[in-house]
Amino acid sequence: MEKSAYVDDFEMENSFQEDEEETEMKTEVKDDPKKVPTTPVKPTPETQSKVKKRSNNSSKTNSKNTDNEESSIKKRKKEKDDKTEVWKWWEEEKDKKKGGTKWTTLIHSGPLFPPAYKPMPKNVNFKYNGSNMELNPEAEEVATFYARLLDHEYTTKNIFNINFFKDWRKAMTSEEKWIIKDMDKCDFSQLRNYFVSETENRKAMTKDEKSKLREEREKEQKEYGIALIDGHEQAIANFRIEPPGLFQGRGEHPKMGCLKRRILPEDVIINCSKDSIPPPPPGHRWKEIRQDNTVAWLCSWTENVLGQNKYILLSPSSKLKGEKDFEKFERARSLGKIIDQIRKKYFDEMKSKEMKIRQRAVAIYFIDKFALRAGNEKDTNETADTVGCCSLRCEHIKLFKEFEGQMNIVEFDFLGKDSIRYFNRVSVDKKVFKNLEKFMRGKNGSDELFDRLTTTTLNQHLKSLMPGLTAKCFRTYNASFTLQQQLEKLTNANDSIHGKISSYNCANRQVAILCNHQKAVSKTHEKSMQNLKKKIKEKKKELKAAKKELEKIKAEKNKDKLEKKMKKLKEALRKLKADKTDKDENKEIALSTSKLNYLDPRISVAWCQKFNVPIEKIFNKTQREKFQWAIEMTQKGDGYVF
DNA sequence: TGCGTGACTTGGGGCAAAACTA
DNA sequence: TAGTTTTGCCCCAAGTCACGCA
């Protein structure tokens with residue numbers, strides 16, 4: 001399937017293009033990708049049944065539950081007040097300096113450290129060469145990290161085992177080292193079984209035990225999960241210090257299996273107001289205390305495997321993050337205003353005498369049209385071999401003058417971020433194709449395609465076209481633009497709510513395909529497909545029976561009743577079919593990433609308002625919190641246009 | 001100009017809670 | 001109510017990009 005941005009007429013707009021140039025291959029989005037047509041229905045979708053269920057439940061509640069109810073109402077009200085409070089704060093300060101206001105006071109409790117290691121029970125042993133072996137606590141802890149991953153594919157990988165064994169030996173006493181020399185003779189199964197049974201025990205806990213645990217977590221959340229910024233409560237995203245374990249890199253990562261050591265207060269830098277320093281855990285001290293209101297982090301430490309910094313940051317629902325999000329989408333909108341000029345310019349530059357400029361032009365074409373990432377250079381010894389646009393190598397593309405009747409075909413095949421494969425066969429502009437042939441001439445597969453280009457020079461150039469413009473901005477722009485365009489194209493005002501949501505998901509899916517957001521097919525996919533098929537079959541049977549009955553019936557009153565029933569059945573069948581199509585088409589496509597990071601939420605909010613779709617159907621609670629700014633900003637009837 | 005570093009955003013997997021079904 | 005499926009959320013790795021320094 002071709003993945004390309006909606007750049008409908010932009011090549012045509014470039015009238016300077018040479019005479020015989022072929023028109024671009026159509027994007028893969030068909031006129032109506034919705035496989036199951038939907039028609040208007042009575043307002044009886046799942047919303048109503050849910051409301052009913054809830055009211056049923058509440059009618060069951062008696063006086064002893066009234067307190068609970070009251071407290072939950074209070075809680076909900078507080079939730080709403082909190083949100084409004086944040087929005088008011090945002091409103092008050094929105095005209096202040098761009099880039100968000102800087103804090104004057106920042107108060108928080110510091111990070112929450114993971115619990116200390118609890119040694120294994122006496123009857124749970126590590127075995128070496130068939131015999132039980134007692135390990136020193138440190139080595140035993142590292143062994144448990146391995147045992148926890150025993151069912152995972154990681155432990156079948158050679159590099160993982162080599163890295164683990166090397167780091168594990170560092171935790172052993174000289175005596176242990178002398179004995180344990182062969183990974184193949186190590187038996188972690190008892191440790192693994194212990195963790196399996198622990199999980200089972202957790203699942204089997206009583207209601208009371210579970211609620212006690214939940215209370216504890218809520219208490220931690222309250223104590224460590226909130227920062228006070230200039231007197232305003234703001235949620236913290238990740239207030240927990242990452243627990244020790246084995247590094248699980250993605251793809252063929254050279255460091256997988258290395259020990260991620262335990263982080264201590266002595267490793268942690270605290271960023272807070274001078275007079276509100278959180279006390280370190282007893283017997284410890286912080287690495288450093290800082291007052292830096294130019295950065296967004298509250299705590300930071302350096303992770304030992306790759307030597308990178310890790311941060312404790314505010315939650316996406318916070319004012320600071322919201323403002324940044326808003327700016328990101330405003331920047332993408334600005335790009336939309338000059339995109340035609342930019343496209344004309346890079347097409348012009350494909351004819352430049354300078355190789356550097358032609359390479360840059362083709363790279364921007366790729367980024368714009370296929371939503372490729374920038375592709376920074378990276379250390380090949382420290383990370384998996386993945387690439388983006390600027391770091392593409394000749395081996396990552398194939399050129400076909402003609403392929404299955406189409407001209408100027410480029411086949412991309414490379415591993416991108418997270419070692420996710422990007423495969424796309426597309427027809428490109430003739431100038432692009434000719435340039436690519438030139439860029440590849442005389443090069444080996446392992447040579448860089450754009451050898452005169454780096455992300456730095458590319459972004460420098462983009463900045464000269466528009467302040468703040470970067471390669472990433474094209475992805476945001478094209479994703480949001482595609483959503484808006486697809487929603488316009490696919491939504492039918494007469495559809496049922498369910499039908500409209502289906503259209504939304506379809507538009508969302510086009511974006512996810514463009515951005516190459518994939519996911520592994522879930523283990524239960526096949527089974528749930530079978531279930532749906534079974535249900536469809538049953539519904540069809542019911543419908544058939546009802547039809548037969550209708551033919552027999554004479555009395556008008558009974559006829560009406562049956563016709564109503566049939567209408568209901570038909571709608572249910574339609575919904576089931578739509579669900580089945582959605583499920584199957586989404587099995588390998590992740591919709592959430594684009595929704596969370598690339599789609600201007602105001603488009604979705606305005607669409608919901610226009611078509612009377614409750615926002616809850618599109619954004620769940622967390623998403624609504626994150627996009628509160630967009631919900632507040634997009635006034636009903638405004639008809640927001642990206 | 002190139003490189004290293006710091007600070008952030010983006011990203012999919014996995015687990016547990018919630019919702020659904022029998 | 002128990003068992004099963006789905007959804008939401010947390011986790012933390014892996015990108016992007018700016019900046020400072022030699």
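Order of the sequence lines sets the chain letters (A, B, ...), proteins ahead of strands, with each chain counted from 1.
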**OP:** For Lys537(A), look at atom NZ and say whether over 12 heavy atoms of other residues, nucleotides or ligands are found less than 6.0 Å away.
**Re:** no

**OP:** Taking atom CD of Glu153(A) as the centre, report whether more than 12 heavy atoms of other residues, nucleotides or ligands fall under 6.0 Å from it.
**Re:** no

Residue-phosphate contact under 4.0 Å: [X] side-chain N/O, [N] OP1/OP2:
X	N	answer
Lys210(A)	dA16(B)	no
Lys260(A)	dA13(C)	yes
Lys621(A)	dG8(C)	no
Tyr598(A)	dT9(B)	no
Lys328(A)	dT10(B)	yes
His525(A)	dT5(C)	no
Arg475(A)	dG11(B)	yes

Of the options [options], whose atoms approach the side-chain atoms of [X] most closely?
X	options	result
Asn531(A)	dC12(C), dT5(C), dT21(B)	dT5(C)
Ile420(A)	dC8(B), dG12(B), dG11(B)	dG12(B)
Asn620(A)	dG12(B), dA13(C), dG8(C)	dG8(C)

Original post:
When you check the gap from the basic side-chain N to the acidic O, do Lys222(A) and Glu218(A) get nearer than 4.0 Å?
Top reply: no

Subject >> Phe642(A)/Phe329(A) under ring-ring contact (aromatic ring centres under 6.0 Å, His included): CA gap, chis, key distance, verdict >> reply: CA-CA 9 Å; Phe642(A) 173 70; Phe329(A) 290 115; 7.4 Å; no

**OP:** Could you state the atom-to-atom distance from CZ of Arg202(A) to P of dG14(B) in whole Å?
**Re:** 16 Å

**OP:** Could you tell me the separation between the CD atom of Glu303(A) and the P atom of dA13(C), rounded to a whole number of Å?
**Re:** 6 Å

**OP:** Would you mind building the protein contact string for nucleotides 14-22 of chain C? One character per nucleotide, 5' to 3', B for base within reach (heavy atoms under 4.0 Å), S for sugar-phosphate only, - for untouched.
**Re:** BSBBS----

Original post:
In which stems does DNA chain B show up, taking only runs of three or more Watson-Crick or G-U wobble pairs whose two distances fall under 3.5 Å?
Top reply: B:1-22 with C:1-22

Subject >> Phe627(A) ring center within less than 6.0 Å of Phe619(A) ring center >> reply: yes

Original post:
Which part of the nucleic acid, if any, lies within contact of Lys626(A), taking any heavy atom under 4.0 Å across all strands shown: a base, the sugar-phosphate backbone alone, or nothing?
Top reply: nothing

